[in-house]
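Whatever order the structure lists ligands and atoms in, that order sets their numbers, starting from 1. Predicted, not measured: the structure shown is a model, and the values here were computed from it.
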Amino acid sequence: MTAIAKLHPELAATPPMGWNSWNCFGCNINERMLWEMADALVDSGMKDAGYEYLVIDDAWMAMRRDDDGNLMPDPDRFPRGIKAFADHVHGKGLKLGIYEDAGEETCGHYPGSLGHYQQDAMLFASWGVDYLKFDWCTCEKLNAPRLYGEMREALLGIERPMVFSICEWGQNRPWEWAPAIGHLWRTTWDITDKWDFVGDGEGKWGGLGIVNILDQQIGLKRYAGPGRWNDPDMLEVGNGGMTETEYRSHFSLWCILAAPLIAGNDLRKMDAASRQILTNREVIAVDQDSAGIQGRRVKKEGDQEIWAKPLHDGGVAVVLFNRGQSPANIVCDWRAIGLGTGTAEVRDLWAGRDLGCVAEGYIGRVPVHGVMMLKVSSI
Ligand code: GLA
């Protein structure tokens, strides 16, 4: 194998942030709604908080290619075409992502890319696409590293730098090969807007809840770093299936995991609570920390867990997580999070409040299905 030229690692020096149509709209998308969503990304304050990519997921295409084999946008859903939409998105200071599939068909049964990787990469570049999510439906018997590697070659061959999002659902241990091929890779079947849930086929059909996805991230820390991220799937914050406390936990845990932060709610009618969760600067700063170290679970006692993520300034971000059905005191010993036994400064990130200097450790009172998120710095 020849040495691998990395695919523009600078595009994802920190985990990509954006919005994607799938979690809220599924295949029910059109350019008018997306036009409004681009406006809402800016007007809601999401762009200022760091959300940069607007990703059109499945169902943007016509059911067949044109006579030259080029993909066509669905003429009813996208009468002005993708290029015009890309121009609108770029005019807002945002970037555009698009969805395709490595096989013959997308998961929604639209034309896949198989046999057309080069052609599709060039077409997307000509439209001004900045981010490609590449799915794995109708590929079950194919070789994932080889096919994703082929699309990576095609992307390397075009002028336009694109983030490459690998979406094969963790089926072929992508963390072992995807870091050399793309910028992020899904680690599980699809997320669903539920706390604790395993759909049919162990989540293949019907998806996985938040805690079920979380448990599948154990052991993956070492594969992530600047330019290469484990992707526990897009955010469900604001979609209505969980409580505000649960959404805050979902977001905190994704940030401690250094996960890509791809919102999936209807930004045109986002409530204040969802906005406060999705745009909390101090919590997002943990996700986007320049050291790019994925957090890991450092302690588990029944339903109480501690997750910790070392930060570039020597501090440690900590999530005290209570999965249980009653409020709990969680004891966080400084040694458990990699600090010495001395005194440390503690800040409550959700409250935006300094809790002062604390020796040896901290005891947090954590609500049912809730978190307390701290930044701890030795002094
Ligand atoms: C798969 C992916 C999802 C979404 C759908 C679209 O299920 O994992 O994220 O892109 O396909 O059909």
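The closest protein non-hydrogen atom to atom 10 (O) of ligand 1 is Asp57 OD1, 2.7 Å. For atom 8 (O) of ligand 1, the nearest non-hydrogen atom of the protein is Asp190 OD1, 2.6 Å. Closest protein heavy atom to atom 12 (O) of ligand 1: Asp58 OD2, 2.8 Å. The single protein non-hydrogen atom nearest to atom 11 (O) of ligand 1 is Asp135 OD2, 2.8 Å, given as residue, atom name and distance. Distance from atom 9 (O) of ligand 1 to its nearest protein heavy atom, with residue and atom name: Lys133 NZ, 2.8 Å.
Heavy atoms from other residues, nucleotides or ligands lying under 6.0 Å from CE of Met72 number more than 12. In Arg347, the CZ atom is crowded: over 12 heavy atoms of neighbouring residues, nucleotides or ligands sit closer than 6.0 Å. More than 12 non-hydrogen atoms from other residues, nucleotides or ligands lie less than 6.0 angstrom from CZ of Arg268. Under a cut-off of 6.0 angstrom, the local environment of CD in Glu104 is sparse, with at most 12 non-hydrogen atoms contributed by other residues, nucleotides or ligands.
With a 4.0 Å heavy-atom cut-off, ligand 1 is reached by no atom of Trp189.
For the 3.5 Å distance criterion, the side chains of Gln119 and Asn70 qualify, holding a donor opposite an acceptor.
Each of the atoms 2 (C), 8 (O) of ligand 1 lies under 4.0 Å from some heavy atom of Cys167. For ligand 1, the atoms lying closer than 4.0 Å to a non-hydrogen atom of Tyr99 are 6 (C), 10 (O), 11 (O), 12 (O). Taking a cut-off of under 4.0 Å to the non-hydrogen atoms of Cys107, the atoms of ligand 1 that pass are 1 (C), 11 (O), 12 (O).
In this structure, the ring pair (Phe, Tyr, Trp, His ring centres under 6.0 Å) partners of Tyr131, at least two apart in sequence or on a different chain, are Tyr53.
Between the CG atom of Asp101 and the CG atom of Asp58 there is a distance of 8.0 Å, given to the nearest 0.5 Å.
Using a non-hydrogen distance threshold of 4.0 Å, Thr106 does not register as a contact of ligand 1.
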